[in-house]
Amino acid sequence: MKRSSPFPVISMECIKRSCLSKMWSQYRYTSQPQSVEPQPSNTAKSAKSITWLMKFCHTAITCLCYLMMIITLPISIWFSIKIVHDYERMVIFRLGRVQPPKGPGLVLVVPFIDQFQRIDMRSRAFRIQPSKVKSLDHMMVSLRADVHFRVCDPVLSVMSIQNLNFVIQHTAENLMAQNLGHKYLKEICGDQIRFAEQLKEDINEQVKAYGVCIDYTEVQLEAVLRPHAEHVPVPVPPASFGPTGGLEQTVTPLSSLAQQTVTTNSVQYPDDDFAVDVIASQIEDGWILSDSLVTEVGSSYQLIATKKSGENVSYFIDLTSGSGTADWGVFPGIPDVTLKMTAADLMNLIKGDLSPMTAYTTGRLQVIGDLRTALLLEKLFQRLAF
């Protein structure tokens, strides 16, 4: 019989398995990143302690003021209760920190630690005074605008800006000048409503950071001034500069413009002195004036044409009611627009060789009244034919 050994017999296969398992566990430990939590530094600990200390002081001072207010009742009520109207909001700073806006109604203001400011939420308006701006086609345009705005975020209006009205007004003036510089004169005069809407959007984009909303803008064309002489297609006197250095509007005498004549080789037109007679004769035929023209125009006009001899011929057109009326002489009342020009220029307007805007900007047409209303008379000239 073989004697059994007191020690277990270890084979080579077991030794290999144990070595491989140790190597695999070592590899897994070294390949995986160990998650080590960062230890808070001394600076972070001190900042955290200071924050808790400030919160404790803030709470302690607030509670102390509330306690004093309760002890001094009912006298403290007269100093602590504030009335805020429906159109107002109150912004409170407690120990220098802004609070959410309060109101309307009764608002409690803690003595000694609260400072408040009332904000008017009603709509306000200002006017941009007429200023001379050069358009994209080098025309001097004078426009004015009315802007209506209101505060929509009282906290932003207090925190972001000091003089709200001053900043918004100057922002609107600069944006209007920039928009005019990127538009042609025809676009400015033709669609002022669209220009006002675009101006409103641009101002809103700039002032929304101040807690302000623009409700309404209105743009009105004051005048179109004569450009420099080199841009004028007809011979006119050059623009003069006043004592302030600004460009002044110059008017060409009608007697000098009366000497201009227009001749064509293809079509024989009546004499220029009979331009008003052409309008009167075609209107008397009964097919020029209509209800649709009155709906499109809706204004009254007084025409004053100067013949070559210097004689003035007056003719009025009333497109305010019915199918419209027209007759020789002076309008019985106050016309919406009065137009003064030479008979030769009036004939060019009828033939379509001259547009009313070109005649106005070059000084050949004088307008008394609203320029936009005067330009609507072109619809009447388009219906005239020889």
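Only this structure's heavy atoms are used, side chains among them; waters, hydrogens and symmetry mates stay out.
- Using modelled atom types and a 3.5 Å distance limit, the side chains of K183 and Q198 yield a donor-acceptor pair.
- Closest approach of A374 and V367 over heavy atoms only: CB-CG1, 3.8 Å.
- Scanning for side-chain hydrogen bond (donor to acceptor under 3.5 Å, both in side chains) contacts around R122 gives D120, with sequence neighbours left out.
- In the hydrophobic clustering, where aliphatic and aromatic side chains (Ile, Leu, Val, Met, Phe, Trp, Tyr) are joined below 4.5 Å either directly or transitively, I71 groups with L67.
- Within the 4.5 Å cutoff, the side chain of Q302 has heavy atoms near those of the V330 side chain.
- In this structure, Y301 has no ring-ring contact (aromatic ring centres under 6.0 Å, His included) partners at least two apart in sequence or on a different chain.
- For Y210, the ring-ring contact (aromatic ring centres under 6.0 Å, His included) criterion is met by no residue, not counting sequence neighbours.
- Taken from CG in L199 to CZ in R194, the straight-line distance is 14.0 Å, to the nearest 0.5 Å.
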Handout entry: Residues I128, R144; criterion side-chain contact (heavy atoms from CB on, under 4.5 Å); working and verdict
Key = CA-CA 5 Å; I128 302 177; R144 69 174 184 179; 5.8 Å; no
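- Every residue was checked against the side-chain hydrogen bond (donor to acceptor under 3.5 Å, both in side chains) condition with D153, not counting sequence neighbours, and none meets it.
- Criterion: ILVMFWY side-chain heavy atoms under 4.5 Å apart, direct or through other members. Under it, M69 and L95 are part of a common hydrophobic cluster.
- Inter-residue side-chain proximity for D146 and T217 is flagged as unmet; no heavy-atom pair is nearer than 4.5 Å.
- Within the 4.5 Å cutoff, the side chain of I77 has no heavy atoms near those of the S80 side chain.
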Problem - Trace of the side-chain contact (heavy atoms from CB on, under 4.5 Å) decision for I368 with V337 - result: CA-CA 6 Å; I368 302 176; V337 178; over 6 Å; no
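- A pairwise comparison of heavy atoms in L143 and V141 identifies CD1-CG1, 2.7 Å as the closest pair.
- Taken from CZ in R364 to CE in M341, the straight-line distance is 11.0 Å, to the nearest 0.5 Å.
- Proximity of S290 to S323: side-chain heavy atoms (C-beta onward) are nowhere separated by under 4.5 Å.
- A distance-only check finds no donor-acceptor pair linking the side chain of S157 to the backbone of V151 [under 3.5 Å].
- Taking every heavy atom of both residues into account, I75 and F79 meet most closely at O-CD1, 3.3 Å.
- Hydrophobic cluster of Y184: the remaining members, joined at side-chain heavy-atom separations below 4.5 Å, are L136, listed by chain and number.
- Taking Ile, Leu, Val, Met, Phe, Trp and Tyr as members and joining any whose side-chain heavy atoms lie under 4.5 Å apart, directly or through other members, the hydrophobic cluster of V109 also contains V84, M90, I92, V107, F116.
- Under the 4.5 Å side-chain criterion, counting only non-hydrogen atoms from C-beta, T62 is in contact with H58.
- Taking the six-membered ring where tryptophan is involved, the planes of Y216 and H148 are tilted, since the angle between them lies from 30° to 60°.
- Taking every heavy atom of both residues into account, L365 and P356 meet most closely at CD2-O, 3.8 Å.
- Note that the CD1 atom of I214 and the CD atom of Q206 stand 11.0 Å from one another [nearest 0.5 Å].
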Exercise for the section: Apply side-chain contact (heavy atoms from CB on, under 4.5 Å) to L64 and Y66, showing your working. Expected result: CA-CA 5 Å; L64 182 62; Y66 272 109; over 6 Å; no
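- When hydrophobic clusters are built by joining Ile, Leu, Val, Met, Phe, Trp and Tyr residues whose side-chain heavy atoms come closer than 4.5 Å, directly or via intermediates, I70 is grouped together with V110.
- Neither F316 nor I304 shares a network with the other; the hydrophobic side chains, linked directly or stepwise wherever heavy atoms of I, L, V, M, F, W or Y lie under 4.5 Å apart, form separate groups for each.
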Just list the side-chain donor-acceptor pairs under 3.5 Å for residues 159-173, sequence neighbours left out, or say none.
from : atom 1 : to   : atom 2 : distance (Å)
S160 : OG     : L156 : O      : 2.5
N163 : OD1    : F166 : N      : 3.4
T171 : OG1    : V167 : O      : 2.7

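- Other residues, nucleotides and ligands place more than 12 heavy atoms under 6.0 Å from the CD atom of E296.
- Shown here for C65 and P111, the closest heavy-atom pair between the two residues is SG-O, 4.0 Å.
- Following chains of ILVMFWY side-chain contacts shorter than 4.5 Å, one can reach L303 starting from V294, so the two form part of one hydrophobic cluster.
- In this structure, the separation between CD1 on I81 and CG on L106 is 6.0 Å, given to the nearest 0.5 Å.
- Partners of T320 by side-chain hydrogen bond (donor to acceptor under 3.5 Å, both in side chains), not counting sequence neighbours, listed by chain and number: D318.
- Side chains of Q366 and Y360 form no contact here, defined as non-hydrogen atoms less than 4.5 Å apart.
- Every residue two or more places apart in sequence or in another chain that forms a ring-ring contact (aromatic ring centres under 6.0 Å, His included) with H85 is listed here: Y87.
- Residues in residues 95-110 take part in no side-chain hydrogen bond (donor to acceptor under 3.5 Å, both in side chains) pair, two or more places apart or across chains.
- Residues in residues 63-92 take part in these salt bridge (Lys or Arg N to Asp or Glu O under 4.0 Å) pairs, two or more places apart or across chains: E88-R118.
- For the atom pair CD1 (I317) and CG (L293), the distance works out to 9.0 Å, reported to the nearest 0.5 Å.
- For I193, the CD1 atom is loosely surrounded, since the number of other residues' heavy atoms within 6.0 Å does not exceed 12.
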Problem - From CA spacing to verdict: side-chain contact (heavy atoms from CB on, under 4.5 Å), C213, F149 - result: CA-CA 6 Å; C213 300; F149 71 96; over 6 Å; no
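- Pairing each heavy atom of P101 with each of V155, the nearest pair is CD-CG2, 3.6 Å.
- Separating the CZ atom in R94 from the CD1 atom in I113 is a distance of 5.5 Å, to the nearest 0.5 Å.
- Between the side chains of T373 and D336, no donor-acceptor pair is found at a separation under 3.5 Å.
- Using a 4.5 Å cut-off on side-chain heavy atoms (C-beta onward), F331 and T338 make no contact.
- Cluster annotation: I61 and L53 are assigned to distinct hydrophobic clusters (Ile/Leu/Val/Met/Phe/Trp/Tyr, side-chain heavy-atom contacts under 4.5 Å, transitive).
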